[in-house]
Q: 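Right, I'll just put the structure down here and ask away after.
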Amino acid sequence: MTDVLILGSAAVLLGSGAVLDALGTVRSQARLNRQGVALCLAGWALLIGVVIWLWITLGRPPIRTLGETRLLYAAWLPAIAFFARWRWKTDLLVAPMAAMAVLFLVLNLMLPEARMKTLMPALQSAWFVPHVVIYMAAYATLALSSLASAVLLVRRWMGKRDSPTTLALPNRLLWLGFPLLTAGLVIGALWAKGAWGNYWTWDPKETWSFLTWAFYLIPLHQRVQSGESRSLWLPLLGFPIVLICWFGVNYLPTAAQSVHTYTS
Amino acid sequence: MSGSNTIDTETSVPTREWGYPEAIVLMTGLTLGFMALQTARPTQLGIMGAPAAFALTFIPLIVTFLLGAFYPAHPVVRFLSGIPFTITSLSFLSVGALGGTLILQNPNPEDASKLGSALPVLQRLGLTDVFHSYWFAALALAVLVCLMVAAGRRAWIPGFKNSVFLTTHLGTALVLAGGMLGNLTGLSGTLTLLEGQSSGTIVLERGGTLELPTPVALRSFHIEPFPLEANLASVEGDAIHPQKGGKALPDLRPGARFEIQGWQVTCEAAFPSAQASMGGIEEDLNGPFLALDLEVGSPPACRSLRLMDHLGPLALKDGGEAGLVQVPPGEVQPVLPSLIAFLQQRTVPGVHFLTDGRETVTVIRDKDGATSTRTGESALNSLALTGAKLKPTRLYRVRTSGGWEPLAGLRPQPVGAAKVIAEKNGLRREGWIATGPGTFEYLPLEGNTVLMMMEPSPKTFRSEVIADGVNQSIRVNDPLMLHGWQLSQSSYQASPDGSTYSILGAKKDPSIPVVWTGLALLLVGTLGALWLLPSLLKEGGAQ
């Protein structure tokens with residue numbers, strides 16, 4: 001029950017933080033924004049605590065199962081959002097980020113997993129932790145880019161005019177997430193070479209990681225060409241592609257041909 | 001670039017630069033053309049010598065790079081390095097790759113039969129082996145050309161930003177080129193070694209065999225298991241649902257004591273690899289399980305079957321099946337309709353005894369799917385099924401226990417077994433829990449809650465080999481390099497005599513240095529792009 005309580009508390013804190021932050025934005029009350037951020041920070045601290053607790057009690061990195069990667073992802077979301085808030089002085093991401101983290105935590109609460117300590121031999125590699133941690137950081141960053149695009153599109157639809165700095169946020173996150181995605185891909189190739197002798201086999205999971213990487217090249221090149229950030233739709237479209245790469249691959253007709261089934 | 005107009009200085013006629021429409025037409029033509037070639041010559045890319053493959057891959061790349069470097073303003077160069085062609089070629093390559101994840105690749109005969117009449121068409125078009133098809137290679141080549149021309153155009157431009165551009169694009173190009181080289185020259189297969197034997201024969205993925213320069217002898221094969229893990233579970237009919245969430249699962253080591261949802265559990269003995277040393281079934285008036293002994297056939301050529309709910313239906317020699325379904329007291333009549341409905345969906349004839357220990361109903365399903373029932377005293381009378389005579393001889397209560405003994409060494413698909421005592425509020429449960437093929441046993445605790453063992457799993461496995469006269473170890477993530485071949489520990493298999501086959505992946509790929517160089521450039525370039533982030537965003541993103 002312990003993890004249910006902690007994850008539940010983290011979800012409540014993040015959810016409350018999202019509501020307060022959204023209210024603060026709607027009513028233009030900075031005090032509510034600050035309170036929302038404080039609650040989200042508390043929720044984030046709890047998430048980090050759960051990850052550390054799981055790592056200690058399981059005796060292995062808690063990034064093996066789908067639920068464990070969801071937890072890591074939920075822990076990365078506030079980290080990236082708070083970095084963006086600090087670096088680019090924007091509150092745009094706090095509420096959507098917290099809402100998304102709550103969604104993934106609720107998924108974990110609804111779909112619990114047996115806490116097995118075993119780790120299959122292929123995963124006992126020095127590349128395992130950097131590969132998964134960097135990939136989850138990339139996914140979280142790109143998801144926030146999608147969220148920022150969605151928020152900006154809604155605001156535009158409501159007739160609000162955002163500043164160029166705000167409009168640049170999805171691109172900034174994209175430029176941050178893409179190198180992480182590339183690093184995850186390269187580390188995965190190095191690991192695969194050591195484990196199986198092939199750095200790339202066009203396995204369904206590998207193919208989708210290529211598709212994700214290739215897809216994000218399009219908005220990056222579009223931005224260079226157009227020299228502006230009005231193209232908000234492409235980062236938004238990237239989100240489902242990332243989700244397919246992460247766990248949707250398990251439902252494809254070729255899923256049985258994949259060797260990357262640790263998280264299914 | 002699409003749609004922008006320029007002035008041709010010699011003729012003063014406005015000309016439109018090629019953009020997306022031309023790029024789409026070109027890539028469509030390229031795809032269809034190579035698909036047609038594939039149809040006319042339905043073979044996949046084959047192996048060739050490294051020099052020829054290097055020439056085939058790198059000469060066009062160098063030419064296109066030089067084209068970009070020396071004719072940067074030429075319309076064709078501008079088109080091939082422009083955003084429309086970049087995005088279009090990348091999109092075509094991505095859609096091709098997507099096809100490879102939606103259509104089963106190199107399907108086995110069973111999967112191939114599901115594709116029916118579409119299979120020959122898919123095969124002719126190379127869609128059942130997308131990543132070795134001509135047209136996919138052509139799409140990759142188009143992206144490569146785009147990368148090299150773009151890099152060539154920037155070859156003479158100084159500055160850090162441009163270095164980042166060159167590094168990322170050349171890095172990506174080298175990775176792609178290395179991949180194509182690997183397809184043309186790489187050799188991949190498996191080397192299977194039996195303990196105590198020596199072999200150098202690699203069974204190639206593309207068919208045929210190849211001898212390693214020197215044979216490899218497998219001295220011994222070792223598996224180290226993780227400690228066995230216990231878990232609570234709920235049992236519903238044949239299904240067992242392990243508990244999820246909560247704390248890390250406790251280990252089952254000899255002498256271990258742990259608490260799990262109020263039950264104090266002591267593990268008296270534990271064997272990660274075990275075999276049953278006796279029947280494992282004890283008659284017990286208060287036992288939780290029911291068993292029905294069934295005589296099949298006529299004396300002297302009859303045999304006995306012991307039916308138990310958790311063992312599932314047993315196959316009969318002359319076809320059909322027999323099973324026992326145990327329900328809680330008083331639940332026979334309520335469960336009967338759903339059992340009949342379930343049996344009507346099955347495809348084999350059978351006899352199934354539904355019982356709570358006091359009341360028994362026999363459901364007979366004939367080969368046409370019709371069902372009939374016998375109740376009361378006639379339920380356990382003899383009957384005939386698919387020509388065989390079946391005679392129930394005894395319905396009795398049992399507890400599953402018995403002893404287990406460790407195997408000398410851990411064998412593939414191990415059977416884990418542990419003896420445990422569970423106590424809670426004056427209740428005491430004692431018995432063996434085990435797992436493995438056909439040996440599942442759990443310890444009933446309270447209601448439908450049981451204590452079970454999770455499937456044992458190997459922590460490490462390794463082959464101790466002699467290669468080139470030297471003792472070496474091959475384990476997962478720690479391969480052996482031998483005369484240009486990489487031998488990786490892939491899996492293992494039991495042999496009928498109890499020894500083990502070690503299955504090693506064997507790979508030889510002359511393109512690896514090219515790929516590693518490309519990946520390093522790509523990584524360095526990407527980090528450089530991250531460094532450039534503020535200035536790039538100032539230029540384009542925020543304005």
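Naming convention: chains lettered A, B, ... in sequence-line order (proteins, then strands); numbering from 1 in each chain.
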Q: Can you measure from CG (A/Leu181) to OG1 (B/Thr526) and round to the nearest 0.5 angstrom?
A: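 Reported value, rounded in 0.5 Å steps: 10.0 Å.
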Q: In the structure I gave you, are the side-chain heavy atoms of A/Phe178 and B/Leu530 within less than 4.5 Å of one another anywhere?
A: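 Result no, sub-4.5 Å side-chain heavy-atom pair not found.
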Q: If we define contacts as heavy-atom pairs under 4.5 Å, which of A/Ala214, A/Ala126, A/Gly59 has the most with chain B?
A: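 Top option by heavy-atom pairs under 4.5 Å: A/Ala214.
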Q: Just how far is it from atom CG of B/Asn106 to atom OG1 of A/Thr254, taken to the nearest 0.5 Å?
A: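 Result: 12.0 Å between the selected atoms.
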Q: So how far is it from A/Trp200 CH2 to B/Leu519 CG, rounded to the nearest 0.5 Å?
A: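 Nearest 0.5 Å value for the CH2-CG distance: 10.0 Å.
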Q: So, A/Arg115 side chain and B/Gly246 main chain: donor-acceptor pair closer than 3.5 Å or not?
A: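 At least one qualifying donor-acceptor pair exists.
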Q: What residue in B/Val515, B/Ile103, B/Val143, B/Thr460 has the most heavy-atom pairs under 4.5 Å with chain A?
A: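 Max contact count across the listed options: B/Val515.
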Q: Under the criterion side chain to side chain contact (heavy atoms under 4.5 Å, CB included), I'd like the reasoning laid out for B/Lys507 against A/Asn198: C-alpha separation, chi angles, the key distance, then a yes or no.
A: CA-CA 7 Å; B/Lys507 178 84 186 172; A/Asn198 294 306; 2.8 Å; yes
Q: To the nearest 0.5 angstrom, please state how far the CZ atom of A/Arg60 sits from the CZ atom of B/Phe226.
A: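 So the gap between those two atoms works out to 8.5 Å.
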Q: Can you confirm whether A/Lys117 sits close enough to B/Asp251 that some side-chain heavy atom of one is under 4.5 Å from a side-chain heavy atom of the other?
A: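 In contact.
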Q: Would you say that B/Asp509 contacts A/Tyr199 through its side chain, given a criterion of any heavy-atom pair below 4.5 Å between the two side chains?
A: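 Answer yes - side chains close enough.
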Q: If we only count heavy atoms from C-beta on, is the B/Asn477 to A/Trp191 side-chain gap below 4.5 Å?
A: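 A side-chain contact exists here, since the closest heavy-atom pair is under 4.5 Å.
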Q: Hey, mind stepping through A/Leu119 and B/Ser457 against side chain to side chain contact (heavy atoms under 4.5 Å, CB included) and telling me if it holds?
A: CA-CA 8 Å; A/Leu119 191 65; B/Ser457 81; over 6 Å; no
Q: Measuring only between side-chain heavy atoms, which start at C-beta, is B/Ser490 closer than 4.5 Å to A/Trp196?
A: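 SC-SC contact between B/Ser490 and A/Trp196 ruled out.
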Q: Is chain B contacted by the side chain of A/Leu169, its backbone, both, or neither, given a heavy-atom distance below 4.5 Å?
A: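 Neither part.
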Q: Taking everything shown except B/Met481 itself, do over 12 heavy atoms lie less than 6.0 Å from its CE?
A: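 Yes.
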Q: Measure the OG1-CZ distance between A/Thr201 and B/Phe131 for me, rounded to the nearest 0.5 Å.
A: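 Between A/Thr201 OG1 and B/Phe131 CZ, I get 9.5 Å after rounding to 0.5 Å.
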Q: Taking side chain as everything from C-beta outward and backbone as N, CA, C, O, which of these in A/Trp127 sits under 4.5 Å from a heavy atom of chain B? Side chain, backbone, both or neither.
A: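 Contact with chain B involves no heavy atom of A/Trp127 at all.
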Q: Does any donor atom in the side chain of B/Gln486 or A/Lys193 lie under 3.5 Å from an acceptor atom in the other side chain?
A: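 Indeed, the side chains of B/Gln486 and A/Lys193 share at least one donor-acceptor pair under 3.5 Å.
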Q: Donor-acceptor pair, distance only, cut-off 3.5 Å: does the side chain of A/Gln124 make one with the backbone of B/Lys459?
A: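 Checking the backbone N and O of B/Lys459 against the side chain of A/Gln124, a donor-acceptor pair under 3.5 Å is found.
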Q: Heavy-atom pairs under 4.5 Å with chain A are the metric here; pick the option from B/Leu249, B/Leu487, B/Thr86, B/Val476 that has the most.
A: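 Ranked by heavy-atom pairs under 4.5 Å with chain A, first place is B/Leu249.
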Q: Within a strict 4.5 Å, meaning less than it, do heavy atoms of the A/Thr57 and B/Lys247 side chains meet?
A: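 No, their side chains stay 4.5 Å or more apart.
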Q: So for B/Leu527, is it side chain, backbone, both, or neither that comes closer than 4.5 Å to the heavy atoms of chain A?
A: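 For B/Leu527, no heavy atom lies under 4.5 Å from chain A.
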Q: Indicate yes or no: at least one non-hydrogen side-chain atom of B/Ser94 is less than 4.5 angstrom from one of A/Leu211.
A: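 Yes, side chains in contact.
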Q: When heavy-atom pairs shorter than 4.5 Å are enumerated against chain A, which of B/Met454, B/Arg475, B/Gln105, B/Glu229 gives the highest number?
A: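 If we count pairs closer than 4.5 Å to chain A, B/Glu229 comes out on top.
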Q: Can you confirm whether B/Leu98 sits close enough to A/Trp208 that some side-chain heavy atom of one is under 4.5 Å from a side-chain heavy atom of the other?
A: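 In contact.
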Q: Would you sort out whether A/Trp202 and B/Thr101 count as a side chain to side chain contact (heavy atoms under 4.5 Å, CB included), showing the intermediate values?
A: CA-CA 9 Å; A/Trp202 292 108; B/Thr101 69; over 6 Å; no
Q: What is the distance from atom CG of B/Leu90 to atom CG of A/Leu217, rounded to the nearest 0.5 Å?
A: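 B/Leu90 atom CG to A/Leu217 atom CG measures 5.5 Å (nearest 0.5 Å).
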Q: Side chain to side chain contact (heavy atoms under 4.5 Å, CB included) between A/Leu252 and B/Leu102: does it pass, once the steps are laid out?
A: CA-CA 6 Å; A/Leu252 290 177; B/Leu102 299 178; 3.8 Å; yes
